[in-house]
Amino acid sequence: MNLAFWKKNKDSQPKKKKSQAREWLDAGIFAIIAATLIRTFIFEAYTIPTPSMEKTLLVNDFLFVSKISYGPRIPMTPLAVPFVHHTLPFTKSTKAYSEAVKWKYRRLPGFSDIKRYDVVVFNFPEGDTVAIDSPDPSYYNMVRQNGWQAVHNSYQIIQRPVDKRENYIKRCMGQAGDTLRIVHGAVYINGQAAPVPPGSQHKYVVETTGDQLNPSRLEELGITTTPPDFFQIDANKFLYNLTPENVAALKQFPIVKNITMYEAAAFSDFNYNDIFPHDSAHFKWTDENFGPMYIPKKGATVKLDESNIALYDRIIRVYEGNTLERKDGKFIINGQPVDSYTFKMNYYWMMGDNRNNSLDSRFWGFVPEDHVVGKAWLIWMSYGEGGIRWSRIFRNIK
């Protein structure tokens with residue numbers, strides 16, 4: 001065969017022009033692939049739906065979350081509908097992904113490790129089981145409160161893989177290997193007082209001479225005077241949700257006699273089982289007085305006994321995939337009697353800056369490293385009742 005002759009004749013054939021529909025299709029496919037790669041490996045946009053991080057982050061702040069800061073997480077359920085998290089639009093429970101292919105947890109190298117006080121986006125650790133349409137995001141809390149049978153009779157129950165659980169955003173108050181304690185609302189890490197974020201809020205009891213504070217003056221300070229951030233306890237005691245700056249300002253008011261941090265356990269009947277690790281027999285902890293407690297680090301070993309097994313039970317069984325039994329006063333892991341356990345992953349302790357309005361690690365425990373999505377980086381848009389909050393646009397998140 002004369003290859004030169006064949007090539008010449010082939011090149012002389014007129015190329016068939018793509019139709020306009022085909023060009024649009026090709027462009028659309030390329031755009032979907034490019035956007036998916038960017039969302040998976042570089043950054044992704046998120047919206048703040050709740051006030052748990054106020055006033056560091058406000059409801060309807062739109063964020064960019066950096067995936068490369070801690071290293072992009074390889075998808076664990078790669079077969080999924082693009083741009084949809086876990087449920088198909090206009091449905092309540094139809095999965096937007098397939099579990100026909102599952103990949104183990106892997107993470108590409110990043111610029112840094114997760115550090116204390118970073119604002120982090122992660123998958124909800126208790127989101128492996130979900131009660132559809134429930135007002136309580138925690139299935140396990142519902143079971144503790146109402147019983148397994150009642151929950152399953154009332155709701156449709158589904159399971160979700162790690163990377164398809166709800167996204168939460170909190171501040172990392174304790175990293176792997178730390179010992180954390182909370183004393184009267186103040187967080188201590190390894191015995192040292194943790195810094196208080198300037199935008200964080202906590203409820204305080206403000207005692208006055210008997211007069212209410214001027215609502216207009218409070219509004220100027222950015223203090224909310226409506227429930228649930230305000231409550232009148234008695235004639236001269238008022239409950240406000242305040243930042244450290246607010247507290248300093250109110251102390252200058254002539255009618256203010258005293259300001260003390262509010263602790264729920266001191267004002268009402270308190271259920272210790274609501275607080276992690278949900279074992280009131282061994283842990284009389286509250287959301288304001290908690291610990292000390294060790295945050296597990298990969299490779300570290302802890303002794304196991306009845307006094308601490310509640311802290312690490314879910315890590316051993318659920319997050320690290322072992323079987324755990326108790327027989328004759330002994331612990332049996334994967335069929336072998338043990339008196340200690342070595343952790344396979346790093347864990348973190350996440351708390352909201354709006355301390356009294358945050359469902360965080362105090363209620364559901366540790367965040368495993370395979371649940372971490374990325375680092376909150378930048379507010380690119382924000383709006384409230386008055387429209388766009390121009391002062392918040394392109395603000396770095398700290």
After noting the C-alpha distance and the side-chain angles of Q156 and S93, does the key distance pass the side-chain hydrogen bond (donor to acceptor under 3.5 Å, both in side chains) rule? CA-CA 9 Å; Q156 178 187 355; S93 59; 3.2 Å; yes
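- Side chains of R160 and T77 form no contact here, defined as non-hydrogen atoms less than 4.5 Å apart.
- In terms of heavy-atom proximity, C172 sits nearest to V120 at CB-CG2, 4.2 Å.
- The only option from V143, I157, N153 that meets the side-chain contact (heavy atoms from CB on, under 4.5 Å) definition with W148 turns out to be V143.
- Here the side chain of Q175 pairs a donor or acceptor atom with the backbone of R116 at under 3.5 angstrom.
- Judged purely by atom type and a 3.5 angstrom limit, R171 uses its side chain to pair as donor or acceptor with the backbone of Y117.
- Every residue was checked against the ring-ring contact (aromatic ring centres under 6.0 Å, His included) condition with H282, not counting sequence neighbours, and none meets it.
- The closest side-chain heavy-atom distance from D128 to Q159 is not below 4.5 Å.
- Under 4.0 Å is where a charged nitrogen must lie from a carboxylate oxygen, and between R355 and E288 no such pair does.
- A continuous path of ILVMFWY side-chain contacts below 4.5 Å connects F62 to W390, so both sit in one hydrophobic cluster.
- Note: F43 and F64 have perpendicular aromatic rings, judged against thresholds of 30 and 60 degrees for the angle between ring planes.
- Within 6.0 Å of atom NZ in K284, more than 12 heavy atoms from other residues, nucleotides or ligands are found, so the atom counts as buried in its surroundings.
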Taking it one step at a time, do W349 and F366 satisfy ring-ring contact (aromatic ring centres under 6.0 Å, His included)? CA-CA 5 Å; W349 192 260; F366 307 106; 5.7 Å; yes
Evaluation steps, side-chain hydrogen bond (donor to acceptor under 3.5 Å, both in side chains), between Q145 and D274: CA-CA 9 Å; Q145 297 288 342; D274 288 342; 2.7 Å; yes
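- Closest of all the heavy-atom pairs between Y240 and V206 is CD1-CG2, 3.6 Å.
- Annotation: side-chain contact (heavy atoms from CB on, under 4.5 Å) contacts of E23 (sequence neighbours excluded): K18.
- Under the 3.5 Å distance criterion, with hydrogens and angles disregarded, no donor-acceptor pair is assigned to the side chains of E166 and H85.
- Inspection of the D305 and S307 side chains reveals an N or O donor paired with an N or O acceptor under 3.5 Å.
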Step by step, would you call N354 with S52 a side-chain hydrogen bond (donor to acceptor under 3.5 Å, both in side chains)? CA-CA 5 Å; N354 192 356; S52 71; over 6 Å; no
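- Summarising the local packing, NZ of K237 is surrounded by 12 or fewer heavy atoms from other residues, nucleotides or ligands at distances under 6.0 Å.
- Across all non-hydrogen atoms, the minimal contact from A300 to Y294 is CB-OH, 3.3 Å.
- Under the 4.5 Å side-chain criterion, counting only non-hydrogen atoms from C-beta, P78 is in contact with W103.
- Atom OH of Y155 has more than 12 heavy atoms from other residues, nucleotides or ligands within 6.0 Å.
- Between P244 and the options P197, P198, S200, a side-chain contact (heavy atoms from CB on, under 4.5 Å) holds for only S200.
- Residues M351 and V119 do not share a hydrophobic cluster, defined by chaining ILVMFWY side chains whose heavy atoms lie under 4.5 Å apart.
- When all heavy atoms of I169 and M53 are compared, the closest pair comes out as O-CG, 3.6 Å.
- Using a 4.5 Å heavy-atom threshold, the side chains of P161 and E99 count as touching.
- Looking at L250 and I223, their side chains come closer than 4.5 Å, going by heavy atoms from C-beta outward.
- Here the side chains of Y46 and V373 are in contact, with some heavy-atom distance below 4.5 Å.
- Note that the OH atom of Y97 and the CE atom of M76 stand 12.0 Å from one another [nearest 0.5 Å].
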Test log, rule side-chain hydrogen bond (donor to acceptor under 3.5 Å, both in side chains), inputs N273 and D279: CA-CA 6 Å; N273 281 322; D279 178 9; over 6 Å; no
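- A donor atom on one side chain and an acceptor atom on the other are not found under 3.5 Å apart for N236 and T208.
- For the residue pair Q201/N356, the side-chain donor-acceptor check at 3.5 Å is not satisfied.
- A distance of 14.0 Å separates NE2 of H202 from CG of N246, quoted to the nearest 0.5 Å.
- The two atoms that bring P277 and L311 nearest to each other are CG-CD2, 3.8 Å, heavy atoms only.
- The 12-atom threshold is exceeded at CG of D136, counting heavy atoms of other residues, nucleotides or ligands nearer than 6.0 Å.
- Heavy-atom neighbours of Q232 CD from other residues, nucleotides or ligands within 6.0 Å: above the threshold of 12.
- For the pair R314 and F276, the cation-pi criterion (under 6.0 Å, within 45° of the ring axis) is not fulfilled.
- A chain of hydrophobic side-chain contacts below 4.5 Å, direct or via other Ile, Leu, Val, Met, Phe, Trp or Tyr residues, connects I259 to I255.
- Using a 4.5 Å cut-off between side-chain heavy atoms of Ile, Leu, Val, Met, Phe, Trp and Tyr, with links allowed through other members, I309 and F343 fall into the same hydrophobic cluster.
- No option in F124, F122, Y168, Y319 other than Y319 meets the ring-ring contact (aromatic ring centres under 6.0 Å, His included) test with H371.
- Dense packing is recorded around CD of E220, with more than 12 heavy atoms of other residues, nucleotides or ligands lying under 6.0 Å away.
- Ring orientation note: the planes of W285 and F290 are tilted relative to one another, at an angle of 30° to 60°.
- No donor-acceptor distance shorter than 3.5 angstrom exists from the side chain of N322 to the backbone of R317, with no hydrogens or angles considered.
- Going from atom CE of M173 over to atom CG of D118 covers 11.5 Å, rounded to the nearest 0.5 Å.
- For the pair R144 (side chain) and H278 (backbone), a donor-acceptor distance under 3.5 Å is absent.
- Listed by chain and residue number, nothing satisfies the ring-ring contact (aromatic ring centres under 6.0 Å, His included) test with W24 (two or more places apart in sequence, or in another chain).
- G127 approaches R165 most closely through the heavy-atom pair O-CG, 3.4 Å.
- Ion pair R73/D163 not flagged as a salt bridge, since none of the NZ, NE, NH1 or NH2 atoms sits closer than 4.0 Å to an Asp/Glu carboxylate oxygen.
- The number of heavy-atom neighbours closer than 6.0 Å to CD of E325, taken from other residues, nucleotides and ligands shown, is above 12.
- Atom CG of L239 and atom OH of Y262 lie 6.5 Å apart (nearest 0.5 Å).
- A donor-acceptor contact shorter than 3.5 Å links the side chain of E369 to the backbone of N346.
- K170 contributes a side-chain N or O that, together with a main-chain N or O of L359, makes up a donor-acceptor pair within less than 3.5 Å.
- Crowding of K297 atom NZ: a count of heavy atoms from other residues, nucleotides or ligands under 6.0 Å not exceeding 12.
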